[in-house]
Amino acid sequence: MAFSAVWRLANLGRHLDLSESVNKAAPVGSIKLKVASEVSEALSLGRAVVALESTIISHGMPYPQNLETAKEVERIVRENGAVPATIAILDGTPCVGLSVEELERLAILGTRAQKTARRDIAHVVACGGNGATTVSATMLFASMVHIPVFVTGGIGGVHRHSEQTMDISSDLTELGRTPVTVVCAGVKSILDIPRTLEYLETLGVCVAAYKTNEFPAFFTESSGCKVSCRVDTPEDCASLIEASIKLKLGTGILIAVPIPQEHSTSGHIIESAIQKAIKEAREKNITGNAETPFLLARVNDLTGGASLAANIALVKNNALVGAKVAVALAQLRENCQRSKRSKY
């Protein structure tokens, strides 16, 4: 019992300055963060928490589907035993965990909220602006408050013709230096998937595929690229995460979950639309961080909304898997603590 109390107090102490109030910013390192009381309490008690990004709300879908999807994803996380922590910057304050009102505000802001990667954080905070966090920024903030699992739709990657443009997503670099596990549906086929996997290998990032040996391609189950690590259960994922943390590897983990089969049948139609959209982007000289939003919007138009429906379905599926992984990880850690306590 004494060991248990010490462990609880240690956990609580790490988050004590975050749990005073959902409306009060508290210091974490040199940046002020506002952590929702529900999230802070869960972290202090060692319960499962799942980080969620906000760019998918502001830039990934139109209103009101974005708000409906955000609420539904949080509901799925809760129903599967974890606490959702949607991350964004509002009025210059990084927020870990958003209220319903804050989610709605972000959804209505849409693309007026700045798409915020790691490089943009200081600028958005200094200007008192509103920022929708991408994978890299969300990972950073999740790591600051010790949230180990983060769910998103898909990550960025190495862009096609990167040998000429040097366009490589900061998501990959973040995976190489921030110990947060990202659960996603792989990489969109608008990117160069083989080069993306090669780059992740160079960075020392473990890429695991969930219940398959092949890396998924977001809208389709298969990319033609094999992975060296396969995980078949949430418990497998939890063991992988805990081993990486205990080894102090310092890198993230990518767990790629194939899109539900009933939605992958439209994948070939979507892929054809992607190729047409890529050609149009080249003709219009649309590059950089403007390229992905353009391509996704154009593909949605070309497929009559099929790609948006598939996008929403895979995000929900990722939330389901991610919540189960977070719960399995919390249980693994609790069992480990029980084993240690039994020795005292």
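The residues of the chain are indexed from 1 along the displayed sequence. Atoms considered below: every heavy atom in the structure, side chains included; atoms not considered: hydrogens, waters and symmetry mates.
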Let's go through T86 and E74 carefully: what are the C-alpha distance in whole Å and the side-chain angles of both, what is the deciding distance for side-chain hydrogen bond (donor to acceptor under 3.5 Å, both in side chains) to 0.1 Å, and is it a yes or a no? CA-CA 8 Å; T86 301; E74 288 204 349; 2.7 Å; yes
How far apart are the C-alpha atoms of R78 and E38, what are their side-chain angles, what is the distance that settles it, and do they pass the salt bridge (charged side-chain N to carboxylate O under 4.0 Å, His left out) test? CA-CA 12 Å; R78 284 196 174 91; E38 178 188 25; 2.8 Å; yes
Go through the steps for T69 and Q65 under the test side-chain hydrogen bond (donor to acceptor under 3.5 Å, both in side chains), then give the verdict. CA-CA 6 Å; T69 301; Q65 288 100 323; over 6 Å; no
Could you check I274 against F219 for side chain to side chain contact (heavy atoms under 4.5 Å, CB included), going step by step and ending with a plain yes or no? CA-CA 10 Å; I274 286 172; F219 288 123; 4.1 Å; yes
Pair N130, R105 - check side-chain hydrogen bond (donor to acceptor under 3.5 Å, both in side chains), show working. CA-CA 10 Å; N130 298 307; R105 177 186 174 190; 3.3 Å; yes
Would V35 and V145 satisfy side chain to side chain contact (heavy atoms under 4.5 Å, CB included), going step by step from the backbone distance to the final call? CA-CA 9 Å; V35 182; V145 296; 4.1 Å; yes
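By the 4.5 Å heavy-atom criterion applied to side chains, V321 and I255 are not counted as neighbours. Residues V125 and I89 have side chains in contact (heavy-atom distance under 4.5 Å, counting atoms from C-beta outward). By the 4.5 Å heavy-atom criterion applied to side chains, L302 and K276 are counted as neighbours. Side-chain contact check for E174 versus D171: every heavy-atom pair is 4.5 Å or farther apart. Counting heavy atoms from C-beta outward, F294 and E280 have side chains that approach closer than 4.5 Å. Side-chain atoms of E101 and L106, non-hydrogen and from C-beta on, never get closer than 4.5 Å to each other. The shortest distance between side-chain heavy atoms of R333 and P148 falls below 4.5 Å. Taking 4.5 Å as the limit, some side-chain heavy atom of C184 sits within range of a side-chain heavy atom of L254.
With sequence neighbours excluded, the residues forming a salt bridge (charged side-chain N to carboxylate O under 4.0 Å, His left out) with E72 are R75, listed by chain and number.
Checking each of L52, I259, I56 against V315 for a side-chain contact (heavy atoms from CB on, under 4.5 Å) leaves exactly one that passes, namely I56. With L175 as the fixed residue, the side-chain contact (heavy atoms from CB on, under 4.5 Å) test singles out one of I155, T181, L203: I155.
When atom types are taken as modelled, the side chain of N300 and the backbone of L308 share a donor-acceptor pair closer than 3.5 angstrom. The backbone N or O of T134 sits nowhere less than 3.5 Å from a side-chain atom of E53 that would complete a donor-acceptor pair. T196 places a side-chain N or O within donor-acceptor distance of the main-chain N or O of V158, the cut-off being under 3.5 Å. With S58 contributing its side chain and A113 its backbone, the two residues share no donor-acceptor pair below 3.5 Å. The closest donor-acceptor contact from the side chain of S54 to the backbone of T133 lies under 3.5 Å. A donor-acceptor contact shorter than 3.5 Å is absent between the side chain of D236 and the backbone of V231. Not a single donor-acceptor pair under 3.5 Å links the side chain of N80 to the backbone N or O of V77. No donor-acceptor pair under 3.5 Å is formed between the side chain of S244 and the backbone N or O of L240. A donor-acceptor contact shorter than 3.5 Å is absent between the side chain of N317 and the backbone of A313. Checked by atom type and distance alone, the side chain of Q114 never pairs as donor or acceptor with a backbone atom of T116 at under 3.5 Å.
Distance CZ/R112 to CD1/I108: 8.5 Å, rounded to 0.5 Å. Taking OG from S169 and OH from Y199, the interatomic distance works out to 10.0 Å, rounded to the nearest 0.5 Å. Atom-to-atom distance recorded for K115:NZ and H59:NE2 is 6.5 Å, nearest 0.5 angstrom. Note that CG of L200 is 7.0 Å distant from CZ of F215, once rounded to the nearest 0.5 Å. Remark: C95 SG to L90 CG distance equals 4.5 Å, nearest 0.5 Å. Note that the NZ atom of K71 and the CG atom of N66 stand 10.5 Å from one another [nearest 0.5 Å].
Hydrophobic clustering, defined by side-chain heavy atoms of Ile, Leu, Val, Met, Phe, Trp and Tyr closer than 4.5 Å, groups I76 together with L320.
In E198, the CD atom is not crowded: 12 or fewer heavy atoms of neighbouring residues, nucleotides or ligands sit closer than 6.0 Å. For R47, the CZ atom sits in a loose shell: 12 or fewer heavy atoms of surrounding residues, nucleotides or ligands are nearer than 6.0 Å.
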